[in-house]
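Single-structure report; data block below.
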Amino acid sequence: MEAAAPVVNREPWNNGKIVGQKAPLKPKDIWALRVRLQMENRTRELALLILGIDSKLRGCDLVALKVRDVCHGDQVASRAVVMQQKTRRPVQFEMTAATREALQSWIKARCLRSEDFLFPSRLHRSPHLGTRQYARILHHWVERLGLDPADYGTHSIRRTKATLIYRRTKNLRAVQLLLGHSKLESTVRYLGIDVDDALDISEQTEL
């Protein structure tokens, strides 16, 4: 008679972990972080932060940007178009005056050329900043703000401006275009819009 196989109690991979959507940063947190980075002359991190917020790009697309993607000649453009790695669809984004100024300072400080990656890696094995490096930088930002790093990730940066735009305008189609989503349903899930949001909009609409 064969012996019964031992029962292996496998711990769920997500036990004790937060695996839902990562929270967007609040405007007050963004401003506090910007001021700190400016005071400490952390030119690269400042450019990375505010370009990430303005562009609303996924981390993989943000770190792979080249100087020519955001510049016209020697000047940083007010708008740019890039091809998304995940969807292979183009997405357009704006760059505010503060973002253009931060990028110009970073490009000048590093003497970057048109064909160079915008955020070169400090590791020899990678030509540009990796997504894991980007995640570690963001983890450090969140800790400095006194927030729980488990609640935030690189998608927090991508979601920050998109969430604010939706809250101010309730224009899902505009947010869909800005995020480069092919389906409106994807935008709804990404922003975490639920029935309560829909009812709030309905209650504010009088006939």
Side-chain angles (χ1 to χ4, degrees), residues 21-25 30 33-34 37 42-142 149 152-165 174-183 186-187 189-191:
Q21 290 180 331
K22 298 302 183 181
L25 291 173
I30 296 295
L33 187 54
R34 283 178 60 173
L37 296 176
R42 302 179 77 88
T43 314
R44 182 185 73 152
E45 290 191 29
L46 178 62
L48 183 64
L49 170 68
I50 59 180
L51 178 61
I53 291 171
D54 263 3
S55 69
K56 300 166 286 292
L57 291 173
R58 295 178 181 86
C60 60
D61 294 321
L62 178 64
V63 298
L65 287 173
K66 289 193 172 184
V67 174
R68 62 173 176 244
D69 291 325
V70 299
C71 287
H72 288 164
D74 296 332
Q75 298 298 316
V76 178
S78 59
R79 292 184 178 182
V81 179
V82 299
M83 189 68 70
Q84 301 173 95
Q85 294 182 32
K86 181 178 179 179
T87 64
R88 304 311 303 167
R89 293 166 58 93
V91 65
Q92 185 170 347
F93 58 89
E94 80 290 350
M95 287 174 282
T96 61
T99 299
R100 296 197 299 272
E101 182 180 347
L103 286 174
Q104 199 78 55
S105 297
W106 165 242
I107 291 169
K108 182 178 180 181
R110 190 63 187 261
C111 299
L112 297 174
R113 299 165 298 176
S114 177
E115 64 274 17
D116 291 335
F117 284 105
L118 189 56
F119 299 107
S121 176
R122 293 172 180 171
L123 304 176
H124 295 297
R125 64 177 180 271
S126 177
H128 60 74
L129 186 72
T131 52
R132 288 187 179 183
Q133 291 172 280
Y134 176 36
R136 283 194 290 269
I137 291 172
L138 184 133
H139 183 93
H140 178 65
W141 290 342
V142 170
Y152 299 87
T154 56
H155 272 277
S156 296
I157 300 297
R158 173 165 156 82
R159 293 184 66 209
T160 292
K161 195 167 187 177
T163 301
L164 187 60
I165 291 170
V175 177
Q176 177 194 4
L177 293 172
L178 292 170
L179 290 173
H181 287 160
S182 59
K183 297 181 180 179
S186 299
T187 307
R189 288 195 301 270
Y190 193 76
L191 293 179

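Residues take their numbers from the sequence shown, with the count starting at 1.
- Taking CG of Leu62 as the start and NE2 of His128 as the end, the distance is 10.5 Å to the nearest 0.5 Å.
- Using a 4.5 Å cut-off on side-chain heavy atoms (C-beta onward), Asp54 and Lys161 make contact.
- Distance alone, capped at 3.5 Å, places no donor-acceptor pair between the Gln133 side chain and the Ser121 backbone.
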Margin query: Before you tell me yes or no, could you show the steps for Ile137 and Arg42 under side-chain contact (heavy atoms from CB on, under 4.5 Å), namely the whole-Å CA-CA distance, both residues' side-chain angles and the distance that decides it to 0.1 Å?
Written below: CA-CA 12 Å; Ile137 291 172; Arg42 302 179 77 88; over 6 Å; no
Check: Given the rule in the side-chain contact (heavy atoms from CB on, under 4.5 Å) test, do Val175 and Leu191 qualify, once you have shown the distances and angles that lead to the verdict?
Finding: CA-CA 9 Å; Val175 177; Leu191 293 179; 3.8 Å; yes
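- Leu57 has its side chain within reach of Leu65: a pair of non-hydrogen atoms, C-beta onward, lies under 4.5 Å apart.
- For Glu101, the CD atom counts as loosely surrounded, since its 6.0 Å shell holds 12 or fewer non-hydrogen atoms of other residues, nucleotides or ligands.
- To the nearest 0.5 Å, atom CD1 of residue Ile107 and atom CD of residue Gln75 are 9.5 Å apart.
- Side chains of Arg132 and Arg136 form a contact here, defined as non-hydrogen atoms less than 4.5 Å apart.
- Looking at Ser55, its side chain never comes within 3.5 Å of a backbone N or O of Phe93 through a donor-acceptor pair.
- Atom CG of Leu103 and atom CG of Leu118 lie 5.5 Å apart (nearest 0.5 Å).
- Taking every heavy atom of both residues into account, Ala102 and Ala47 meet most closely at O-CB, 4.0 Å.
- For His140, the NE2 atom is densely surrounded, since the number of other residues' heavy atoms within 6.0 Å is greater than 12.
- Ring geometry for Phe119 versus Trp106: interplanar angle under 30°, hence parallel rather than tilted (30 to 60°).
- The shortest distance between side-chain heavy atoms of Leu112 and Pro120 falls below 4.5 Å.
- If you run side chain to side chain donor-acceptor pair (under 3.5 Å) between Tyr190 and each of Arg159, His155, His181, only His155 comes through.
- Note that OG1 of Thr96 is 6.0 Å distant from CD1 of Ile50, once rounded to the nearest 0.5 Å.
- Between Arg58 and Gln85 the shortest side-chain heavy-atom distance does not fall below 4.5 Å.
- The shortest side-chain heavy-atom distance between Ile157 and Tyr134 falls under the 4.5 Å cut-off.
- Closest of all the heavy-atom pairs between Met95 and Ala80 is CE-CB, 3.9 Å.
- Here the straight-line distance linking atom SG of Cys71 with atom CZ of Arg113 works out to 14.0 Å at 0.5 Å rounding.
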Item checked: side-chain contact (heavy atoms from CB on, under 4.5 Å) between Arg44 and Leu129, intermediate numbers included -> CA-CA 11 Å; Arg44 182 185 73 152; Leu129 186 72; 3.7 Å; yes
Item checked: Leu48 vs Trp141, side-chain contact (heavy atoms from CB on, under 4.5 Å): CA-CA, chis, key distance, verdict -> CA-CA 12 Å; Leu48 183 64; Trp141 290 342; 4.2 Å; yes
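- By the 4.5 Å heavy-atom criterion applied to side chains, Arg158 and Leu179 are counted as neighbours.
- Within the model, atoms CD1 of Ile30 and CG of Leu49 stand 5.0 Å from one another, a figure rounded to the nearest 0.5 Å.
- The nearest pair of heavy atoms linking Glu45 to Leu37 is OE1-CD2, 3.7 Å.
- Here the side chain of Ser156 pairs a donor or acceptor atom with the backbone of Ala23 at under 3.5 angstrom.
- When the shell of 6.0 Å around CZ of Arg88 is examined, it contains more than 12 heavy atoms from other residues, nucleotides or ligands.
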